[in-house]
Structure formats: C-alpha cells, structure tokens
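What follows is a set of notes on a single structure, which appears directly below.
Order of appearance sets the numbers: ligands from 1, and atoms from 1 within every ligand. Numbering starts at 1 and runs along the sequence shown.
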Amino acid sequence: MAASSLDQIVNLAKRRGYVFQASEIYGGLNSCWDYGPLGAELKRNVKDAWWHSMVHTRRDVVGLDSAVLQHPKVWQASGHLDGFSDPLIDCKKCKARFRADDMDNATCPERHNAAINDDCKSHFTEPRDFNLMFKTTLGPVEDAGATAYLRPETAQGIFCNYLNVQTTGRLKPPFGVAQIGKSFRNEITPGNFIFRTREFEQMEMEFFVPPEKWEEWYAYWRQERFDWYVKLGVNPEKLRLRDHDADELAHYSNATADIEYELPIGWKELEGVASRSDFDLKRHSEHSGRTLEYFDGQTRERFTPYVIEPAAGVDRALLVFLVDAYDEEEIDGETRTVLRLHPRLAPIKVAVFPLVKKDGMPELAMEIEDSLRARGITTFYDKSGAIGRRYRRQDEVGTPWCITVDGDTKEHGTVTLRDRDTMTQERVSAAELPSLIAERLAP
Ligand code: ATP
C-alpha cells in the first residue's frame, strides 16, 4: 500500500533520521528543514545519479560551480529584478498572506485552516507584486550600492560563463553546462514539507544548440529527463509530461514541459524542461556589452545558440523518491513498512548483523563490514534485538541488503544475504561479498 498522506513520509523521515525541522530546539523555523544522516546520504546519491547521467556518461556536457552571489546586473539582464514576483494578497483581519494565483489552495488560519470564503475576501487587499529574491548587503556598509541578491536559480551563473566555458573547452554547439547548487526564493506560501521551501537545491543544465536544431533537442531532453526518474525506479504511472499552454509560458520560453508526479497532495511539478530560445545569451550580451555567440574561426560561422534547459529540484526529487518508494504490506498479521528505494539511492546499502553477541561473531561481522566500507559501500552494524526486528528496521529505511554472520561464517566463510524486496535469503561467500554488492550497484 502506497503512502496516502504526506504526513506518513514526514513522520518516517523524522523518526528515522532522514529530515528534521531546522532549529528544532528553538521551536523550529517555518518551512526550513535539515537533512539528517540518512537524508544527507540520500541527497548525495540523488545528486550523484544526476551528475552521472548528465555529465560523466556524456561527451557533450561539462560541469560548473558558480557563485550564489553575482553582480546585481545579472538579475537585471535576466529579468528577475523586474519580473520575478508573485501577486501577494494580505488579509487585513488575520494577517495571513496568499498568492493571488493560488487561491484554490488557500486556507484561513483563523478558522482552523478552512477554505477561504466571502467573509475572508472582504478583508483582502488588492494583489501587489512581491519580488521573490532575497536581498542582502555586501561588505560592512549598508548603502544602496552594496545590495546583492541570493540567486533564485543556478541557470544565470551558467549563461554568464558561457564564453569562459565554450572557449576554454573549445566546445561547439550542441553542448551543455550542468550545475548543482543552492537557490533561494522568498516564497509567499512555502509548505508541504520539503516540496516548497525558501532555500532549496537545484540541478540545472543549459544545453546550447544551433538555432535550427532546438526542436529536435527539446524533444530529446523532454524524454531523456522523464526516463531518468523511471530508470531510478519511480512508477511511470505516477509520472507525466505536461506541455505548457501558450498563455502559461514564461517570457523567455517558446516551449516548456513539466515533469509531474502524483504526490498525495495531487499532481505537482517535479522538473521543468524549457526551450529558452536565445533570450538569455542575447540579454546578457546587451547588458554586459560582451558578444555571447558561437564563432568558428575556420568556417567563419557565427550564431547565438538556442538553449534547452532541464531544471530539477534536488529536494523535490528526494521527496518523490521517498513517496514513491513507500510501501506497507501485511505479513502474518503484521504490517511491514518498506522503502523500496533504488539500491543506488538507498543511504545504507548493506546492514551487517552478527546472529549472536558471542563466539567471535561481532568481531567477524565488523571485519566483513570493514571490507564493504573499503569498497565505498555504506553499511550499518546492528547487534541487538531479534533478527526479524533488525530486518524490519532496515526495511523501513530502505536498505536493500542485510547480511547475517552466524556459525557457518566461521567454518565455511559464508554469510546469509537477505533481499529487502523479495525477503529471500541466499548463502554467499563473505570474501566475495564486496565484489558481489559492487556489481549489483553498478549503473
Ligand atoms: P513552482 O511553479 O513550483 O514554483 P517553478 O516553475 O517556479 O516552480 P523552476 O523555476 O522551473 O520552478 O525551477 C526548477 C525546479 O526547481 C522546479 O521544478 C522545482 O523542482 C525546483 N524548485 C523551484 N522552486 C522551489 C522551491 N521553492 N522549493 C523547492 N524546490 C523548488
């Protein structure tokens, strides 16, 4: 049985060390979250899987790591200073704030979060534009010249480095530049756990193509990105590609599709794949006075590339992987909760159990654990409690394999290897275990 509410995921995440409320000992900070030991591993694995598929396995994409703080002119050129805003409505009575374009989901805090009604509306202000960029000050003097912004997306750092990357790498379109990093948006209505927060991480790639090739590459990335989630185990029936209607397109885009997932709160955007035309490079050319083109010295060919951008959220992807993996099943009158995470995403790959706490079994188990760790395979050692309970704890955090060290290990050098999903057990050689697991984890 899949998760029927987000609360089930929030509870499990907290109970087992995936995600904690930020500043919890001070009462928490609204919509800010910290990733615990398991969450930190899962997050790294999500980012590694993305980098592997977008950069390391491709000849045509390179990486970048640009600064969060950029020259304010960057945000003027990109349109963020003038246009990156949401329409804000204030309730003069209960002081709640709403997004005028999201009133279907709005609730009244004064009436126990019931849907807003006509009485509510009589206290509303007219909508006004609220810029979502966080402002800060560079240096010790707080004058207007020192104002800077925390980046609201990683993409602009890529556009500003287009020439640096293209010329140093002697790259010819089609080629892409990928980046993973934090972005900040002062969202009016954050919420739904880690789905919408003010500080989040993005995985974005700008793919520069000859203008006449944009449609072909747009179709390619649209499908490629959808398939990435499926390859990492996400149920394709819960995923869909939704093309934007013409009136929904951002000012820079001539075509956009959202990859959406059916969360317990409804179908929600997980990633956007946008064709951004030559908007960004042209704008930065105009504002910086630098020519941002592709120029081939031999053929004298010259053009401003078009851009296809797959833009994903790390935290949203992580939430989807957790929700999609969550399963409850009845076994012998008991409920088994199991996270069926793809083994490459699972924070702990192998849990190691000595059957009993004597006869040298703990020492032997720890030796085997070390041999796994030496191969970069994450492990968890647990010596206490009945074996069935130890299995259940690992099922709940998504550990794909558990091994038990018993009397036969000493005598014959074998261990029991138990599979999370099928719960079947096989006897394997302890010496060969690291290679066996590494093979199963290979992409
Ligand atoms: P939304 O419509 O949900 O606000 P968006 O269309 O503004 O999202 P993009 O600017 O396309 O989002 O950003 C790309 C991706 O970054 C999104 O698909 C999402 O995964 C992630 N993202 C954007 N805003 C947030 C946020 N406030 N919290 C968490 N992730 C976010």
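Between R340 and E329, at least one side-chain nitrogen of the basic residue sits less than 4.0 Å from a carboxylate oxygen of the acidic one, meeting the salt-bridge criterion. In summary, D395 and R336 engage in a salt bridge, as defined by a charged side-chain N under 4.0 Å from a carboxylate O. Salt bridge R128/D90: present, at least one basic N to carboxylate O contact under 4.0 Å. Contact check on D324 versus K238 returns no salt bridge, with no Lys/Arg side-chain nitrogen under 4.0 Å from an Asp/Glu carboxylate oxygen. A salt bridge does not link K282 to E286: none of the charged nitrogens lies less than 4.0 Å from a carboxylate oxygen.
With distances taken over non-hydrogen atoms, the option nearest atom 5 (P) of ligand 1 out of R185, R198, H244 is R185.
The distance from the CD atom of Q202 to the CD atom of E271 is 10.5 Å, given to the nearest 0.5 Å. With rounding to the nearest 0.5 Å, the separation of CG in N105 from CD1 in I116 is 10.5 Å.
In this view, E248 and R242 satisfy the salt bridge (Lys or Arg N to Asp or Glu O under 4.0 Å) rule, not counting sequence neighbours.
Against a heavy-atom cut-off of under 4.0 Å, E271 is close to the following atoms of ligand 1: 18 (O).
For atom 22 (N) of ligand 1, the closest non-hydrogen atom of the protein is F200 CE1, 3.5 Å. Nearest protein heavy-atom neighbour of atom 13 (O) of ligand 1: Q202 NE2, 3.3 Å. The closest protein non-hydrogen atom to atom 19 (C) of ligand 1 is R316 NH1, 3.5 Å. Protein heavy atom nearest atom 2 (O) of ligand 1, with residue, atom name and distance: E269 OE1, 3.7 Å. Atom 28 (N) of ligand 1 has its closest protein heavy atom at T197 N, 3.1 Å. The nearest heavy-atom contact from the protein to atom 21 (C) of ligand 1 is G313 CA, 3.7 Å. The protein heavy-atom contact nearest to atom 29 (C) of ligand 1 is F195 O, 3.2 Å. The protein heavy atom nearest to atom 15 (C) of ligand 1 is A311 O, 3.7 Å.
Between L270 and ligand 1, a contact under 3.5 Å exists for at least one N or O pair. Looking at E204 next to ligand 1, no N or O pair under 3.5 Å apart turns up. Checking only distances, I194 never comes within under 3.5 Å of ligand 1, N or O to N or O.
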Quiz: residues 27-44 side-chain donor-acceptor pairs under 3.5 angstrom, not counting sequence neighbours:
{"from": "W33", "atom 1": "NE1", "to": "F193", "atom 2": "O", "distance (Å)": "3.2"}
{"from": "Y35", "atom 1": "OH", "to": "D315", "atom 2": "OD2", "distance (Å)": "2.7"}
{"from": "K43", "atom 1": "NZ", "to": "E201", "atom 2": "OE1", "distance (Å)": "2.8"}

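Proximity of R196 to ligand 1 is established by a heavy-atom distance of less than 4.0 Å.
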